[in-house]
Asks: 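The following block contains the structure, expressed as structure tokens.
As the structure is a computational prediction, the values presented were derived from the model and not from experiment.
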Amino acid sequence: RDRVHVMSECVIDHIVIAAPELEAGAARVEKCLGVKPQLGGQHPRMGTHNRLLRLGKEGYLEVIACNPFADKPDRPRWFALDELDGAAPMRMQTWVARTGNIREALACSSETLGEIEAMSRGDLNWHISIPRDGRLPLGGSAPALIEWSDGMHPAAQLEDCGLSLAELQLYSPQPERVERLLDSLGFTGPVKVLAGKSAKLCALIDTPYGTRTLHDSTE
């Protein structure tokens, strides 16, 4: 498909950690980083809820899970949450890149990242790309795209606990494909693309206790 160079650059917005049960997932993150994720809220359209940790001025970490008290949506949940292994304590599921023009970014993308959906949580409103089947493009190494409305961003509402993202590592059996995608989006940020047998994420996070590593097998 023909593309033009994206005019609105993309940056890291947040990291998505999926858990079969929200509090258990948050506890695993707290054990690794030494900081307890703060209460987030609910996403009625997706039947999910979350906890959050601020990463720097305009980024955050999200622990997300299916909400057992919410109605199940009549579509697949985002971030492949319906496929999550219930035996896993948590998974570095994917990441989200912020853009000032999501329609333009999707038009320029070298990969199909999904359809634009309007979402809200409390006083926050945004548009995000979600595949119809709820699955993760490139196994999660490709980001979802997000555009926040009205200048509001969750990081501004979160306590600053001294955390910041040092590096996000994206492992992929097709690293050149991931690199091409990031280039097509005009992406800039502390991301390293690495070759791997399967798609997975690893985040190096600076904390008051030193640099800690978050990955699927975090103990």
Asks: Tell me, do Glu111 and Arg177 make a side-chain contact under 4.5 Å, heavy atoms counted?
Replies: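 They are in contact (side-chain heavy atoms under 4.5 Å apart), so the answer is yes.
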
Asks: Val193 and Trp95: same hydrophobic cluster, using ILVMFWY side-chain contacts below 4.5 Å?
Replies: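 Looking at the clustering, Trp95 is in the same group as Val193.
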
Asks: Can you find a pair of side-chain heavy atoms, one from Leu39 and one from Arg51, that are under 4.5 Å apart?
Replies: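 Answer yes - side chains close enough.
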
Asks: Do the non-hydrogen side-chain atoms of Thr213 and Cys202 ever get within less than 4.5 Å of each other?
Replies: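 SC-SC contact between Thr213 and Cys202 confirmed.
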
Asks: Once rounded to the nearest 0.5 Å, what's the spacing between atom CG of Leu170 and atom NZ of Lys192?
Replies: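 So the gap between those two atoms works out to 11.5 Å.
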
Asks: Write down the atom of Leu214, the atom of Met92, and the distance for their closest heavy-atom approach.
Replies: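 Minimum heavy-atom separation between Leu214 and Met92: O-CE, 3.9 Å.
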
Asks: Please tell me whether Thr211 and Asp206 have a donor and an acceptor in their side chains that are separated by less than 3.5 angstrom.
Replies: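 The criterion, which ignores hydrogens and geometry beyond distance, is satisfied for Asp206 and Thr211.
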
Asks: For residues Val29 and Leu55: do they belong to one hydrophobic cluster (side chain heavy atoms under 4.5 Å, members Ile, Leu, Val, Met, Phe, Trp, Tyr)?
Replies: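 Yes.
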
Asks: State the CG-CG distance between Leu81 and Leu136, to the nearest 0.5 angstrom.
Replies: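 Answer for the CG-CG pair, Leu81 versus Leu136, is 8.5 Å.
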
Asks: Can Trp78 and Ile64 be said to form a side-chain contact (heavy atoms from CB on, under 4.5 Å), step by step?
Replies: CA-CA 10 Å; Trp78 52 5; Ile64 190 168; 3.5 Å; yes

Asks: With a 3.5 Å distance limit and no angle check, can you tell me whether Ser110 reaches the backbone of Ser184 through a side-chain donor-acceptor pair?
Replies: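 Not at all, since once roles are kept as given, no pair shorter than 3.5 Å links the two residues.
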
Asks: Do His127 and Ser149 pass the side-chain contact (heavy atoms from CB on, under 4.5 Å) test, and can you show the C-alpha distance, the side-chain angles, and the key distance before you say yes or no?
Replies: CA-CA 8 Å; His127 287 88; Ser149 304; 4.3 Å; yes

Asks: Could you give the distance from CG (Leu163) to OG1 (Thr207), rounded to the nearest 0.5 Å?
Replies: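 If we round to the nearest 0.5 Å, Leu163:CG and Thr207:OG1 are 6.5 Å apart.
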
Asks: For a quick test of reading the model, state the closest non-hydrogen atom pair linking Glu30 to Pro37 and the distance between them.
Replies: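 So the minimum-distance heavy-atom pair works out to CB-CD, 4.2 Å.
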
Asks: How about Pro143 and Leu181: do any of their side-chain heavy atoms sit closer than 4.5 Å?
Replies: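 Yes, their side chains come closer than 4.5 Å.
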
Asks: Looking only at heavy atoms, what is the nearest atom pair of Lys57 and Ala155, with distance?
Replies: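 Looks like O-CB, 3.5 Å.
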
Asks: Look only at the side chain of Ser141 and the backbone of Ala199, and say whether a donor-acceptor pair between them is shorter than 3.5 Å.
Replies: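 Pair absent, no side-chain N/O of Ser141 close to backbone of Ala199.
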
Asks: Leu113 and side chain to side chain contact (heavy atoms under 4.5 Å, CB included): which partner among Ile102, Leu106, Leu138?
Replies: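 Of Ile102, Leu106, Leu138, side chain to side chain contact (heavy atoms under 4.5 Å, CB included) with Leu113 is met by Leu106 alone.
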
Asks: Under a 4.0 Å threshold between the charged nitrogen and the carboxylate oxygen, would Glu117 count as salt-bridged to Arg75?
Replies: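 Salt bridge between Arg75 and Glu117, a charged N being under 4.0 Å from a carboxylate O: yes.
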
Asks: Which heavy atom in Val63 sits nearest to a heavy atom in Ala19, and how many Å separate them?
Replies: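 Nearest pair, atom of Val63 first, then Ala19: CG1-CB, 4.4 Å.
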
Asks: Take Arg77 and His43, measure what side-chain contact (heavy atoms from CB on, under 4.5 Å) needs, and give me the verdict at the end.
Replies: CA-CA 10 Å; Arg77 291 181 174 93; His43 314 103; over 6 Å; no

Asks: Counting only heavy atoms not in Glu58, do more than 12 fall under 6.0 Å of its CD?
Replies: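 Open: at most 12 neighbouring heavy atoms sit under 6.0 Å from CD of Glu58.
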
Asks: May I ask you to decide if Phe79's main-chain N or O and Gln93's side chain share a donor-acceptor pair within less than 3.5 Å?
Replies: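 Pair found, side chain donor or acceptor close to backbone of Phe79.
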
Asks: Can you check whether Ser120's main-chain N or O pairs, donor with acceptor, with Trp126's side chain at less than 3.5 Å?
Replies: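 Checked: no pair found.
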
Asks: What I'd like to find out is whether the side chain of Lys200 reaches to under 4.5 Å of the side chain of His215, using heavy atoms alone.
Replies: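 Sidechains of His215 and Lys200: no contact.
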
Asks: Should Gln42 and Phe69 be marked as a side-chain contact (heavy atoms from CB on, under 4.5 Å) after you check the CA-CA gap, both sets of side-chain angles, and the distance that decides it?
Replies: CA-CA 10 Å; Gln42 302 181 20; Phe69 304 107; over 6 Å; no

Asks: Does one hydrophobic cluster hold both Val16 and Leu158, with members joined at side-chain heavy-atom distances below 4.5 Å?
Replies: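 Per the 4.5 Å side-chain linkage, Val16 and Leu158 are co-clustered.
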
Asks: Counting the benzene-type ring for Trp, do His153 and Tyr60 have ring centres under 6.0 Å apart?
Replies: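 Yes; Tyr60 has its ring centre under 6.0 Å from that of His153.
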
Asks: Assess whether atom CZ of Arg135 is packed by more than 12 heavy atoms of other residues, nucleotides or ligands within 6.0 Å.
Replies: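 No.
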
Asks: Going from CD1 on Ile17 to CG on Leu22, what distance comes out if it is rounded to the nearest 0.5 angstrom?
Replies: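 That separation rounds to 11.5 Å.
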
Asks: If you measure from the Lys or Arg side-chain nitrogens to the Asp or Glu carboxylate oxygens, is any gap between Arg103 and Glu147 under 4.0 Å?
Replies: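 Salt bridge flag = no for Glu147 with Arg103.
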
Asks: Show the nearest heavy-atom pair for residues Leu201 and Gly140, with the distance to one decimal.
Replies: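 That would be CD1-O, 3.5 Å.
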
Asks: Please report the closest heavy-atom contact between Leu185 and Ala105, naming both atoms and the distance.
Replies: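 That closest heavy-atom pairing would be CD2-O, 3.6 Å.
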
Asks: Flag the pair Leu53 / Ile205 as yes when at least one side-chain heavy-atom distance between them is below 4.5 Å, and no otherwise.
Replies: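 Contact flag for Leu53/Ile205 side chains = no.
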
Asks: Could you tell me if the side chain of Leu182 sits less than 4.5 Å from the side chain of Val191, heavy atoms only?
Replies: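 Contact flag for Val191/Leu182 side chains = yes.
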
Asks: Would a hydrophobic clustering, with Ile, Leu, Val, Met, Phe, Trp and Tyr connected at side-chain separations under 4.5 Å, put Leu52 with Ile15?
Replies: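 Unlinked, Leu52 and Ile15 end up in two clusters.
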
Asks: Working to the nearest 0.5 Å, report the span between CD of Glu167 and CD of Gln169.
Replies: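 The CD atom of Glu167 sits 4.5 Å away from the CD atom of Gln169.
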
Asks: When rounded to the nearest 0.5 angstrom, what is the spacing between CG in Asn50 and CD in Glu62?
Replies: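 It comes to 4.5 Å.
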
Asks: Quick check on the hydrophobic clustering: are Leu204 and Leu168 connected, directly or via other members, by side-chain heavy-atom contacts under 4.5 Å?
Replies: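 Different clusters: Leu204 never reaches Leu168 through Ile, Leu, Val, Met, Phe, Trp or Tyr contacts under 4.5 Å.
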
Asks: Flag the pair Ile130 / Met46 as yes when at least one side-chain heavy-atom distance between them is below 4.5 Å, and no otherwise.
Replies: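 Yes; the side chains approach each other to less than 4.5 Å.
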
